[in-house]
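Notes follow the structure.
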Amino acid sequence: MKNWKRYTITSALPYANGPIHIGHLAGVYIPADIYVRYLRKRGKDVIFIGGSDEHGVPITIKARQEGVSPKDIVDRYHNIIKKSFEDFGISFDIYSRTTNKTHFETASEFFKKLYDKGEFVEKTTEQYFDTEANQFLADRYITGTCPHCSNEKAYGDQCEKCGTSLNATDLINPKSTISGSKPIKKETSHWFLPLDKYESFLRKWILEDHKEWKTNVSGQCKSWLDMGLQPRAVSRDLDWGVPVPVEGATGKVLYVWFDAPIGYISATKELTKDWEKYWKDEDSRLIHFIGKDNIVFHCIVFPTMLKAEGSFILPENVPANEFLNLEGDKISTSRNWAVWLHEYLEEFPDKQDVLRYTLCANMPETKDNDFTWKDFQLRNNSELVAILGNFVNRAMVLTSKYFEGKVPAKGNVTDVEKELDKAIIALKADIENSLENFKFREALKALMDVARLGNKYLADAEPWKIYKTDPDRVSTILYYSLQIAGALTSLCEPFLPFTSQKLCKMLTVSTQNWEDVGNIHPLSEGHLLGESFLLFDKIEDDAIQSQVDKLLATKKANDEKSLPVVEAKPEVSYDDFTKMDIRVGTVLEAERVPKTQKLLKLKVDTGLDVRTLISGIAEFYSPESMIGKQVCILANLQPRNIKGVESKGMILMAEGTDGTLKLISPTEVSLNGATIK
RNA sequence: GGCGAGGUAGCUCAGCUGGUUAGAGCGCAUGAUUCAUAAUCAUGAGGUCGACGGUUCAAGCCCGUCUCUCGCUACCA
């Protein structure tokens, strides 16, 4: 295995349009922090990079909604995020932000270099342009009627009601959200990074040279590679971001996904003059901690950027985690379905390590996991309190009872004690192996096994029983028990830094070098221990219940919010109405359209003719159930080719707010061709 | 529909290139114990390893079909 001289550890830059929640922590920051603290403990040269990602369209939209500037938004969230990370003990060497001057310069230079090398492809496309506001419109800045569900508030990139992803040009009656005017299509040119040119390089680099990557990561990459890569735009028409450093590119900024990962480099520059060592020396090991939503950017796009630039090293590993759910539902910032870090820190003061422990023990390493408050309580009460806290407390109480709080003499060591030392060294090795392979849950378990070892030792040795008859033996037992507690100060430091500090205070020692743990006893005979206190408190049912209630309230609020009636449409004339040829028809044949999830192909007798049409109702109606049904159809709708079949007309359906579709039929059988008016 | 990941004890998860009676933690039951925040320690119950079929002397692990969950992607007039 390569002997790395230094480590460059990055953690995904959180997007500055909301605070940090447990999903971010479990997915990215806790594993990164544990890994970094572990490396530091081993005396490695390591830098830990973090920062806020502050550009991009969603921030400008949020700003507009609130009537403030984008800078106000990012300042607000950057400060909340930064403070909550600090209070939580995420030990960044630097927590920067992408609105910094250094970042503007770095990102700009990076782009310029690729530009000068001719790495980009320039393309001209048509985009919507707001003539009143005199600017191009990002997809998110356009609303219109969703061509699928008729929701009139669909965005240019996605309809939030039916979940369909859209192109802005698909929208019916597009409207600029900036001025409210109807946008026009206008040509604009942008720079594209030709990922396709790097496809074979990426394929070899990921799938052959890095077989050690997690299966979820390489699997996702393979999927992208097999689908074929396309050139990707790296600039946008927007006034919020890093300006494109090319003449004539006014009004254009770097695409947020281009500038954000460069933020890792900018932050390193701010941190140290020696930044190039960490980014350009082959002996530096670059590791990106991210969530699964970022895999494509960190494994495909950013490496391509670095490769194209030419002077940078590439990531050695990208240990992406899956997602954490909350009480069975997806975490969602917009739906307020989350446990927010800054709130947790207030509501559970001095319990950083409880959350760190719970999220580590339940980390979504191989698949999505669920966080429940019940589990949080259980892990605290039956693991942290009962195993770790209890062991330390037992050792302390016994020592103060029998030896006035001083580390007693080592005395005659038996095989049991020798085995104990060996076991600690073995568990330390387990922790190392697990962490080197990014198996954080496994590492945490090995840590707890050290405390288990202590509990078992005490239970087997029973010092309270033999004190009267053999105080010297008790002296040895407690000497060793305390050494285990001493070893725990160091071993738990990466995982539970606050507990490590408390334990040090209790034992009046400092943590050891990692190498010494298990080999050198940290506490000397006669050493005076500090005051004993509880490392962890039980968490009672009412504390858990109030958190559950809080979530239930959120759920209720969301349910009420998600039942809006689609708003009224503008008035139409009777003439407008009569243009529609709506009539009754009978379904003669029905079959699923192959290779689709939602489509049925129907043959309908309309009275006028027998025609074929396609309808997106397969999720609600089986082909068999449709045959013989009378339906209402819009018969004079412009025909359209769908999946190779010409669809003439549209079946009318009643749509619920949840997107379910219900067939509309005449309540009594009517003649085919009967018109509806 | 295509692609990727996953479906192993009540819960959360391990199971190396296929090899005797499938493992851990928590929960549960019983016993021991009292130094400890009724904590600890020991023992035990619990699984047709998503379903079916196949390859093999032998399959949780390999192959095929199907099914469910998550993600990406296509489709929705």
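Chain A is the first sequence line, chain B the second, and so forth, proteins listed ahead of strands; every chain is numbered from 1.
Within 4.0 Å (heavy atoms only), A/Glu383 reaches sugar-phosphate atoms of the nucleic acid but no base atom. Within 4.0 Å of A/Leu613, counting heavy atoms only, lies no atom of the nucleic acid at all. Using a 4.0 Å heavy-atom criterion, one finds that A/Lys648 contacts no nucleic acid atom at all.
Sparse packing is recorded around NZ of A/Lys648, with 12 or fewer heavy atoms of other residues, nucleotides or ligands lying under 6.0 Å away. Environment of CD in A/Gln230: sparse, with no more than 12 heavy atoms of neighbouring residues, nucleotides or ligands closer than 6.0 Å.
Under the 6.0 Å cut-off for aromatic ring centres, A/Tyr357 and A/Phe536 do not qualify, their centroids lying 6.0 Å or more apart.
In terms of position on RNA chain B, the residue among A/Gly649 and A/Leu378 whose nearest nucleotide sits closer to the 5' end is A/Leu378. Heavy-atom distances to RNA chain B give each of A/Arg379 and A/Trp224 a nearest nucleotide, and the one nearer the 5′ end belongs to A/Arg379.
A search for ring-ring contact (aromatic ring centres under 6.0 Å, His included) contacts involving A/Phe192 returns nothing, not counting sequence neighbours.
Comparing B/A39, B/G7, B/C26 by their closest approach to the side chain of A/Lys367 singles out B/G7.
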With the sugar-phosphate defined as primed atoms, P, OP1 and OP2, and the base as all remaining atoms, what B/S/- string results for nucleotides 29-37 of chain B, 5' to 3', for protein heavy atoms under 4.0 Å?
-> ----SSBBB

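Between A/Ser218 and B/G4 there is no side-chain N or O to OP1 or OP2 distance below 4.0 Å. Put simply, A/Thr215 has a side-chain N or O that comes within less than 4.0 Å of OP1 or OP2 on B/G6. Look at A/Lys601 and you won't find any side-chain N or O under 4.0 angstrom from OP1 or OP2 of B/C75. The side chain of A/Thr372 places no N or O atom within less than 4.0 Å of a non-bridging phosphate oxygen (OP1 or OP2) of B/U12. Between A/Lys445 and B/A14, a side-chain N or O to OP1/OP2 separation shorter than 4.0 Å is absent.
With no hydrogens or angles considered, no side-chain donor-acceptor pair links A/Lys579 and A/Asn636 at under 3.5 Å. One side chain, A/Gln377 or A/Asp541, offers a donor N or O that lies under 3.5 Å from an acceptor on the other. Side-chain contact of A/Glu417 with A/Thr414: a donor-acceptor pair under 3.5 Å is present, judged by distance alone. Using modelled atom types, one finds a donor on one side chain and an acceptor on the other under 3.5 Å when comparing A/Thr606 with A/Asp609.
As rounded to whole Å, 17 Å separates atom P of B/A14 from atom CG of A/Asn433. B/U12 atom C1' lies 12 Å from atom OH of A/Tyr357, rounded to whole Å.
Taking atom C1' in both B/G4 and B/A36, the straight-line distance is 50 Å, to the nearest Å.
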In dot-bracket notation, what is the pairing pattern of RNA chain B, taking Watson-Crick (N1-N3 plus N6-O4 or O6-N4) and G-U wobble (N1-O2 and O6-N3) contacts under 3.5 Å, with [ ] crossing and | for other strands?
-> (((((((..((((.....[...)))).(((((.......))))).....(((((..]....))))))))))))....

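Of the inter-residue distances, the one linking A/Lys456 atom NZ with A/Leu420 atom CG reads 11.0 Å to the nearest 0.5 angstrom.
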